[in-house]
Amino acid sequence: MTHATQALDQMRPPYSTEPGSGVYSNKLGMWVFLASDVMFFTALIGSYIVLRFGAPGEWARPGAILNVPLTGLNTFLLICSSVSMVKAYAAIADGKKYFLRKVPGKRLQDGGLKFWLLITIICGAGFVSVQVVEYIKLVGHGFTPAGYREGSLLAEHAAADPIKYGLTVAGLYGSSFFTMTGFHGFHVTCGVISMLYLYFTKVLPEKYSPQDYRGIEVIGLYWHFVDLVWIILFTIVYLI
Amino acid sequence: MTAVAHTPTTAHHEPMSFWRKYIFSTDHKIIGIQFLFVSLFFLLVGGLLAMQIGWQLGFPGKPLPGGGILPETMVVNGVILPEYYVQLVSMHGTFMVFFAIMPLLVGVYANFLIPLKIGAHDMAFPRINMASFWLALLAGLIMTASFFVPNGPIRSGWTNYAPLAARPDLSGVTVGQMLWCVSIVVLGLSSVLGSLNYITTVINHRAPGMTWFRMPLSVWALFITAILGVLALPVLQGAAIMLLFDNVLGTHFFDPVAGGQALLSQHLFWFFGHPEVYILILPAMGMVSDIIANGSRKPIFGYHSMVFAIIGIAFLGWIVWGHHMFMSGMNPTLGSTFMVSTLLIAVPSAIKVFNWMGTMWRGNLRFHVPMLNAIGFVSMFTIGGLSGIFMAATPVDIPLHDTQFIVAHIHYVLFGGSLFALFAAITYWYPKMFGRMMSERIGKLHFFLTFIFYNMTFFPMHIIGMGGQMRRIYDPTIYDFLKPQQPLNVFISYSAFALFAVQILFAFNFLWSLKRGKKAPQNPWDDNGMEWSLPNPAPHGNWERTPNVYRGPYEFSAPEAGDKDFLPQFVKLPTDRDPVPAPLPATH
Amino acid sequence: MNGRIFSVVGGMFLLTVCSKGDGTVQAAPPAAQPAVPTVDVSAAGGTITGKIKFTGAAPRNPAIDMSEEAACKAKYTTPPTEENVVAGPANALSNVFVYVSAGVPAGQTFTAPTTPVVLDQNGCRYHPHVFGVMVGQSIEVRNSDPLLHNIKAIAKKNRPFNVSQPNAGMTKTVTFAAPEVMVNLECNVHGWMHAYVGVRPDPFFAVSGPDGSFSIKGLPPGTYTIEAWHEKFGTQTATVTIAGTETKTANITFAAH
Amino acid sequence: MRWWLPDAGSTFAGPIDTLFLAILIITGIALVVVEVGLVTFVIKYRARPGRKAFYTHGSTRAEVIWTAIPAVTMVALGLISNHYWVLIKDKKSIPPNAYHLGVHAKQFEWQVTYPGPDGKLGTSDDFTVRNQLHVTVNEPVAVELSSEDVIHSFFVPEFRLKQDAVPGMHIIAWFQATKTGEFELGCAELCGMGHYKMRARVFVHTPDEYKAWVAQQAAGGSE
Amino acid sequence: MTTPTTHVRPNYMLIWLYLFVMTIAEVLLAFELPVARNLKLILLLILAIWKAMLVALFFMHLKFERWRLRLIFIVPLPLAAILVTTVIMEKVW
């Protein structure tokens, strides 16, 4: 039996030869991964719901501890990054590999893949930075994963107004808050790193074409999913 | 991916280095073999732990032979300490479930068989596949490392019920518990990566003509298992992370003192854990189906219902987890619900058993070693399944819950089930992996001795469990009602040692045949699967050209086959037409 | 190729076996040591002695129902009781840990005696019930009962431990790395079993005997605060000034409540 | 050597043992059918030269039969079991005249709190005894389970009673002993290194004996 | 690329606007509007799910995919619901 290397192309057709899902493997794989991520967040968010439902006392009032305006800004950043991601996707589908280009008759320049993906990366990095700042401030005030730190400002406030600050369940509040938002932040960080990698290895060398931009679509799916999780988290953690 | 095709005959002209080819390989077959060696090693570790458990239960307080080499924190004057005993049972479970049976079934055979059996050239994501193996190995090493840290490995059972697992001051374990959690998170990532690879491969990479209902049952089972893995493992990861944070960051998820819920950890664990049980048995069922059809020289009986039974078991697997918690103080109404769904699992399981028997009915049975082990699987799995009914019926579960009866049950399912299937599968696909046959004579001897000692070891556990012996107790003789049963415990221990000793035969057969085994013919078992159209071992990339599939996988003794009694999927008869390849999916 | 994989696997196995061999094998228990700590201090120096008493009625020590452990019960002719308050004649109070809490010049270090203190578990009780050790001094925990005891140390400054001894004759040596008064030792299998150990950086401590007397030897000249600790009655302090090699008396009286 | 469940010691033992026997018969039949079938097939259909297997892909009728039989059996079994399950575990099934005891589990002992002469828990004449459970024969007893630290499980084999004691939860299990004597109470949930030592003795007294015991304990006033 | 994109591309900026407005509405609802607590809770959850649906349907293009792909994303949701409702029921009795 001889194996000729020229048969390789034949030998490894890039995609299925059976109907399958009708989508290429990377995208299918990403969707399966997202399904699995749904279960991961189910474990975290589900535990939060269960713990909060069965908690021995009232949770702290929304806004009592967490800085909602700051997080609102963060939510805005993430939504913006999501739309810029999808704009990047649309740009490369239309073959716009460039950064910015003048369009006759329009005041604003037209953004290409390089522009929109950069915006996404900046917004994503901004989100992570704001979250880090938020964590530092919260821990500084005395809000830790174990509850309100003894002797901190927050512990004093909570002792004065136990209802507003949900003193009895502070431990649960800290635990679930930091775990959920922390793992979301971890997901965002992973996404930003992957996008940076793609940006330098694939986007800047203009390796994507309207015929094949699988990387952008796949990372886009991940990114929107992270956004989607945040939308849920923002509501149930910060607003309720 | 750059991949270069080769055959064993051209292997020494191979440009790829040893490292590239065997260590950092992206070839699904090599990765499967890597998994095989690593998980057989962990199987040995788990077995050694089991032997120590057996010693302690049979001869409590007597010095363990050779126990002197163990450090003073585990064994003093040769006597196993209670905390070490608890660690033994915890780590035996952990190693066997997570690092032996699961990788043996899924890591080895999903990797090895799926592309070969569906006519694919490799996995959909070969590099992710490699990452999956290395993460699994890393997880295994982290878990092993916990034996060497202060206070040793976990002491809360492989299930790690909180608050025992969440509070170092109560369990006495600090670093070991963290390592367990970290290892499980890494292993979960490995499993998710592996599983999404299997799912994508099965969906997208089937050869032309390999329609869904022409897939062998082994592939079906591995596919459904992968779905379970993708959805179940992340829940375990979440639970392990919360446990880790409870230990390290001082969070209070499972700490009732601060409002956490102890039962939440059990719910999360078993929500993962029950699908995990099916991860550990479905692939075995699938591979046994293939082997029984081959050994009976008959098409599998009721192929479609077999497929739907697999899907049914997998679906029911998500709504029965509460049966592990009947005594936990949960809502009795939930108990009733879980009881009914649990009992219903008997239905697809019965379908499978009866269909295997139907396959053998009026067959022309060839008793090669895989077939013997497969028959052993069917008979032992039946006992394991039937003993499950006792515990599924909630009132009867009350005296049996957390006794040796459940230990007997799980070993009938996992050892009598999964492990017999694995002995069958290893022997059956050994020629495909290494190009040589395992010794038939040793294989048969190993099967019969294993079958005997296995039953002698685990069947009496039902009886001592009925007598009320709790599981995981260090010394049953301190209870008056357990004292009369001690002779049976001694009997079990002797049988267990014999059972372990018999496995040396298997190890010898496995290792000896690597070099000295008989050269395998291309299709040693006269099988129909796509993999037998390739030389043994198959080259990287498998097929030169994507093969065509002409029929279902079980056309044994088909009238069209003429004087042969098998008709492989890849053989084109004059009446067959080539399948039309589907259009490629768009790349955006 | 398979040979190589095999050698790797084999190597891993060997590694595991060898690294397990690192553990030390526990030798047979050494000859019995005196239960009272022998503190190695130079004979020169002052001595503080005294008697510990209490006022009021001594609370009754609850009886221990040892019927569940026949082996322990058999060691007693009269029903055993707990040792919460062990009173001697004339309201003398034993099992009081007396130590110098202040006055020892800072920076002065003392070497711990090499002889271990023996903590014996006999008849499902700890012997001694209260004792002191120096930082780094080893404690040999011994099980003289043919049944399981576990020794759980509940400590704040020291590393807590929890070890078990399922058989008679087992010994285990432990040390404490930081001063702490007191570290509680308990057996979770026998809820009545408690022992208290005072861990000190210097050898200036003692435990009052059955007649309530104690003596701390070898103190250099100076003014010292001594503190007496009792498990039920709390702590009392006294101040003593030592000049030369004299012997000073400091009697301490607790109030029973 | 015992080859069966422990001797019956409570009212639960009757239905549970009967159900156990019923399941044993059902599963026994299934086991015999499968194993005998397997052995028969192995002997009867072993490969012989010149013989070919019977080529068939299955039979819908046979499959419907062996799907329906287990399904019906299991549903019936579930309904019967549920009746007794509710009787044993549901809160509403606790007899209103039950004698309440507090059982507090901790590593590694059972602390049983008795209501004292007045028969009510939570009053000043309550007293607590370590590792001894004293009950009266033929009287329903409700055990209020709590746990200090980790999950324990209250298990008296003769009573066919097992119930986890979960920290943070207040769980009530009830039983009615049917014969006097001394039994053993074990912990059935791994609770740490001393798990196996978490053993208490259960004394089932006649009413007079029990009263005398309570009076003696209350007078002794241990704590 | 063998088959051209068949669907009309949604107006992404419009969806972004929806998301933005709904986020503001959420914050207002949570802190400013005098609504009963339970009603507030339900409204907030509806808004959150609506937003999540917008992202999934339009940004992730689920609206334009085949059912067999949508299924992958839908399968875990009932499982999540089963887990959470069961564990909550546990607490209710």
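Scanning both residues, Ile171(D) and Gly329(B), for their nearest heavy atoms gives CD1-CA, 3.8 Å. Among all heavy-atom pairs drawn from Pro6(D) and Gly467(B), the shortest one is CG-O, 3.6 Å. Met169(D) approaches Leu263(B) most closely through the heavy-atom pair SD-CD1, 3.7 Å.
Not counting sequence neighbours, the partners of Leu79(D) by the side-chain contact (heavy atoms from CB on, under 4.5 Å) test are Val75(D). The side-chain contact (heavy atoms from CB on, under 4.5 Å) test applied to Val39(D) returns Ile43(D), not counting sequence neighbours.
Residue contact with chain D, scored on non-hydrogen atoms closer than 4.5 Å, involves the backbone of Ala162(B) exclusively. Both the backbone and the side chain of Leu38(D) come within contact range of chain B, judged by heavy atoms closer than 4.5 Å. Residue contact with chain B, scored on non-hydrogen atoms closer than 4.5 Å, involves the backbone and the side chain of Pro70(D) alike. Only the side chain of Val166(D) comes within less than 4.5 Å of a heavy atom in chain B; its backbone stays farther off. With a 4.5 Å cut-off on non-hydrogen atoms, Met466(B) touches chain D through its backbone and its side chain both. Proximity to chain D is absent for every atom of Leu81(B), based on heavy atoms less than 4.5 angstrom apart. Leu161(D) touches chain B through its backbone: at least one of N, CA, C or O sits under 4.5 Å from a heavy atom, while the side chain does not. With a threshold of 4.5 angstrom between heavy atoms, Ile300(B) approaches chain D through N, CA, C or O but not through any side-chain atom. The contact between Val42(D) and chain B is made by backbone and side chain atoms together, counting heavy-atom distances below 4.5 Å. Phe183(D) does not touch chain B: none of its heavy atoms, backbone or side chain, sits under 4.5 Å away. Met360(B) touches chain D through backbone and side chain together, each having a heavy atom under 4.5 Å away.
Taking Ala13(D), Pro15(D), Ala165(D), Cys187(D) one by one and counting their heavy-atom pairs under 4.5 Å with chain B, the maximum is reached by Cys187(D). The most heavy-atom pairs under 4.5 Å with chain B, out of Ala62(D), Ala173(D), Cys191(D), come from Cys191(D). By number of non-hydrogen pairs under 4.5 angstrom with chain D, the leading residue of Pro256(B), Pro484(B), Gly363(B) is Gly363(B). Comparing Val33(D), Ile151(D), Ile80(D), Ile88(D) by how many heavy-atom pairs each has under 4.5 Å with chain B, the most go to Ile151(D). Residue with the most contacts toward chain D among Val340(B), Leu344(B), Ile383(B): Ile383(B) (heavy-atom pairs, distance under 4.5 Å). Contact count against chain D (heavy-atom pairs under 4.5 Å) is highest for Pro163(B) among Pro82(B), Pro163(B), Gly260(B). Note: Ala188(D) leads Gly78(D), Gly192(D), Ala188(D) in heavy-atom pairs under 4.5 Å with chain B. Ranking Pro167(D), Gly194(D), Gly168(D) against chain B, the residue ahead of the rest is Pro167(D), based on heavy-atom pairs under 4.5 Å. Top candidate by heavy-atom pairs under 4.5 Å with chain D, chosen from Val86(B), Leu386(B), Ile389(B), is Leu386(B). Looking only at heavy-atom pairs under 4.5 Å with chain D, the residue among Ala165(B), Gly552(B), Gly302(B) that has the most is Gly302(B).
Pairs passing the salt bridge (charged side-chain N to carboxylate O under 4.0 Å, His left out) check and including a residue from residues 325-349 of chain B, sequence neighbours excluded, do not occur.
Note that CD1 of Ile16(D) and CD1 of Ile398(B) are 4.5 Å apart. Values are rounded to the nearest 0.5 Å.
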Verdict with supporting geometry, Ile65(D) and Phe354(B), side-chain contact (heavy atoms from CB on, under 4.5 Å): CA-CA 10 Å; Ile65(D) 290 172; Phe354(B) 287 128; over 6 Å; no

What do the steps show when you test Val396(B) against Ile23(D) for side-chain contact (heavy atoms from CB on, under 4.5 Å), and what is the final call? CA-CA 9 Å; Val396(B) 181; Ile23(D) 297 177; 3.9 Å; yes

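Using a 4.5 Å heavy-atom cutoff, the side chains of Pro399(B) and Pro157(D) are not in contact.
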Tabulate, with distances rounded to 0.1 Å, every donor-acceptor pair spanning chain B and chain D at under 3.5 Å.
from      : atom 1 : to        : atom 2 : distance (Å)
Tyr45(D)  : O      : Leu365(B) : N      : 2.7
Ala47(D)  : N      : Leu365(B) : O      : 2.7
Arg48(D)  : N      : Asn364(B) : OD1    : 3.2
Arg51(D)  : O      : Asn364(B) : ND2    : 3.0
Arg51(D)  : NH1    : Gly363(B) : O      : 3.3
Arg51(D)  : NH1    : Asn364(B) : OD1    : 2.8
Arg51(D)  : NH2    : Gly363(B) : O      : 3.1
Lys52(D)  : NZ     : Gly562(B) : O      : 2.9
Lys52(D)  : NZ     : Lys564(B) : O      : 3.2
Phe54(D)  : N      : Arg362(B) : O      : 3.0
Tyr55(D)  : OH     : Glu555(B) : OE1    : 2.3
His57(D)  : O      : Gly302(B) : N      : 2.9
His57(D)  : NE2    : Glu555(B) : OE2    : 3.3
Glu63(D)  : OE1    : Ser305(B) : OG     : 2.1
Trp66(D)  : NE1    : Asn355(B) : OD1    : 3.3
Asn82(D)  : OD1    : Ser336(B) : OG     : 2.5
Trp85(D)  : NE1    : Pro332(B) : O      : 3.0
Gln107(D) : NE2    : Leu170(B) : O      : 3.0
Lys162(D) : NZ     : Ile398(B) : O      : 3.0
Lys162(D) : NZ     : Pro399(B) : O      : 3.3
Lys162(D) : NZ     : His401(B) : O      : 2.3
Gln163(D) : NE2    : Met327(B) : O      : 3.2
Asp164(D) : N      : Met327(B) : O      : 2.8
Glu184(D) : OE1    : Asp480(B) : N      : 2.8
Glu184(D) : OE1    : Phe481(B) : N      : 2.9
Glu184(D) : OE2    : Asp480(B) : N      : 2.8
Tyr196(D) : O      : Tyr479(B) : OH     : 3.0
Arg199(D) : NE     : Ile478(B) : O      : 3.3

